[in-house]
Amino acid sequence: METLLTIILGFMIIGAIYALHAKDLLSAVIAQGIVGYGLVICFLHLSAPDLAIVQIVVETITLIIMVAVVLDSSREEIKSPPSWRSTINVVVGLVFIGFMLYFFDMATASLEPFGEHTLRMSQTYTQQGAAQTGAANLVTGVLWDFRAYDTLGEATILFTAALGVLTVLRMKGKK
Amino acid sequence: MIIYFMCFILFLVGLYGMVTRRNLIKIVISFTIMEFSIFLFFALIGYIDQGYAPILSQNVPEQATFVDPLPQAMVLTAIVIGLATSAMLLAIAIRLYKKYGTFNIRKINNLRG
């Protein structure tokens, strides 16, 4: 299981790196789709079907919006002559990445190895979820019953973001 | 354990893109890549070997071990919020392109303080 997921993740990383370096913006957006749909396959193998369904829908919507934005523009990646500034950016980025990897190693030392997770709080959810919420799907049971306020906050954020998009994209407005 | 590191490398690729790219669309792409890696990390933490998907049905035996449903519920919330934020970012990118005619963040310099 772990090797399969590692291979899929390797492809996702390659797709992500290609997306960042593509000359054409349209191919960058399509390469971002590799990462999104690879994530769907990972979710399916991690036995999270709800996440896979939601991720397919969300990835498709994001891809459609991005393609619409990119096709409306000149599509060209910005070419800039190599300057000292971009070199400094790359060097600082790489040093920062090294630091982050070191601290990630420190942080995950206390984590359980992959596949040997022990249920703590969710012990109650898995054992009594069906009796307390009446939901056959435990994820929706957690989402709509045990943690319903989270879902309320999510709906608020979604509504606010929709309002924000409408406000920004409105044609009328101050120049 | 290697898989956690691969997941974090995906996050770092997104971070690298966000720091070094100048194109607004590519910055949005790097943002979504970072989001995806965090979703995957949560799903990886909650996974149990030979665990069933947390859905009760007749096919699942009585004493089956389920995958942790709590990280999955949280990621489900976060995915939808990620869609909302990236839609907002893209709307701002469209607006900036209409006004300045470019996605280059160096050319969009009216905000220089």
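Here the structure is a predicted model, which is why all the values come from computation and not from measurement. Values reported hereafter were calculated over all heavy atoms of this structure, with side chains retained and with hydrogens, waters and symmetry mates removed.
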Plane angle bin for A:Phe114 and B:Tyr4 - parallel if under 30°, tilted between 30 and 60°, otherwise perpendicular: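 If you compare the ring of B:Tyr4 with that of A:Phe114, the planes turn out perpendicular.
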
Parallel, tilted or perpendicular: ring planes of A:Phe104 versus B:Phe5, cut at 30 and 60 degrees: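 Perpendicular: the ring planes of A:Phe104 and B:Phe5 meet at over 60°.
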
Nearest-0.5 Å distance, CD of residue A:Glu59 to CZ of residue B:Phe36: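 Here the rounded value is 4.5 Å.
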
Reported CG-to-CG distance for the pair A:Leu119 and B:Leu70, which is rounded to 0.5 angstrom: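 With rounding to 0.5 Å, CG (A:Leu119) is 10.0 Å from CG (B:Leu70).
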
Member of A:Thr151, A:Leu51, A:Val142, A:Asp150 meeting the side-chain contact (heavy atoms from CB on, under 4.5 Å) criterion with B:Leu76: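 Output: one option passes, namely A:Leu51.
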
Test applied, side-chain contact (heavy atoms from CB on, under 4.5 Å); reference residue, B:Ile29; option that passes from A:Leu25, A:Thr62, A:Val29: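 Looking at A:Leu25, A:Thr62, A:Val29, the match for B:Ile29 under the side-chain contact (heavy atoms from CB on, under 4.5 Å) is A:Val29.
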
Test salt bridge (Lys or Arg N to Asp or Glu O under 4.0 Å) applied to A:Asp105 - qualifying residues, sequence neighbours left out: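 Counting only residues at least two positions away or on another chain, A:Asp105 forms no salt bridge (Lys or Arg N to Asp or Glu O under 4.0 Å).
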
ILVMFWY clustering at 4.5 Å (side-chain atoms), partners of B:Phe66: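 Result for B:Phe66 is A:Leu138, B:Tyr52, B:Leu56, B:Val60.
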
Answer yes or no: is there a side-chain heavy-atom contact under 4.5 Å between [X] and [Y]?
| X | Y | answer |
| --- | --- | --- |
| B:Ile94 | A:Asp72 | no |
| B:Met88 | A:Val168 | yes |
| A:Leu5 | B:Tyr47 | no |

Same cluster or not: are [X] and [Y] linked, directly or through other Ile, Leu, Val, Met, Phe, Trp or Tyr residues, by side-chain heavy atoms under 4.5 angstrom apart?
| X | Y | result |
| --- | --- | --- |
| A:Ile34 | A:Leu4 | no |
| A:Tyr37 | A:Phe11 | no |
| A:Ile7 | A:Ile41 | no |
| A:Val54 | A:Phe159 | no |
| A:Met12 | A:Tyr18 | no |

Between [X] and chain A, which part of the residue has a heavy atom less than 4.5 Å away: side chain, backbone, both or neither?
| X | result |
| --- | --- |
| B:Tyr97 | side chain |
| B:Thr77 | both |
| B:Leu40 | both |
| B:Phe42 | neither |

Which portion of [X] sits near chain B, non-hydrogen atoms under 4.5 angstrom:
| X | answer |
| --- | --- |
| A:Arg120 | neither |
| A:Glu116 | backbone |
| A:Met66 | both |
| A:Phe146 | neither |
| A:Leu39 | side chain |

Heavy atoms only: give me the nearest [X]-[Y] pair and the separation to one decimal.
| X | Y | result |
| --- | --- | --- |
| B:Pro54 | A:Asn137 | O-OD1, 3.5 Å |
| A:Ser47 | B:Val67 | OG-CG2, 3.1 Å |
| B:Cys7 | A:Leu9 | N-CD1, 4.0 Å |
| A:Leu20 | B:Lys26 | O-NZ, 3.2 Å |
| A:Ile13 | B:Met6 | CD1-O, 3.6 Å |
| A:Leu143 | B:Ala73 | CD1-O, 3.3 Å |

Largest heavy-atom contact set with chain B, pairs under 4.5 Å, which of [options]:
| options | result |
| --- | --- |
| A:Ala22, A:Ala68, A:Gly141, A:Gly10 | A:Ala22 |
| A:Asp50, A:Val58, A:Thr126 | A:Val58 |
| A:Ala135, A:Ser73, A:Ala48 | A:Ser73 |
| A:Val139, A:Val57, A:Thr160 | A:Val139 |
| A:Thr140, A:Leu94, A:Ile157, A:Ile97 | A:Ile97 |
| A:Thr118, A:Val70, A:Leu111 | A:Leu111 |

If you count heavy-atom pairs within less than 4.5 Å of chain A, which of [options] leads?
| options | result |
| --- | --- |
| B:Thr20, B:Ile48, B:Ile2, B:Thr102 | B:Ile48 |
| B:Thr85, B:Thr32, B:Thr65 | B:Thr32 |
| B:Asp49, B:Ile81, B:Ile9, B:Ile92 | B:Asp49 |
| B:Gly14, B:Ala84, B:Gly101, B:Pro69 | B:Pro69 |
| B:Ile33, B:Val19, B:Leu90, B:Asp68 | B:Asp68 |
| B:Val75, B:Leu15, B:Asn23 | B:Asn23 |

Expected output: side-chain B:Arg95 to main-chain A:Arg170 donor-acceptor under 3.5 Å: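 Yes, B:Arg95 side chain to A:Arg170 backbone: donor-acceptor pair under 3.5 Å.
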
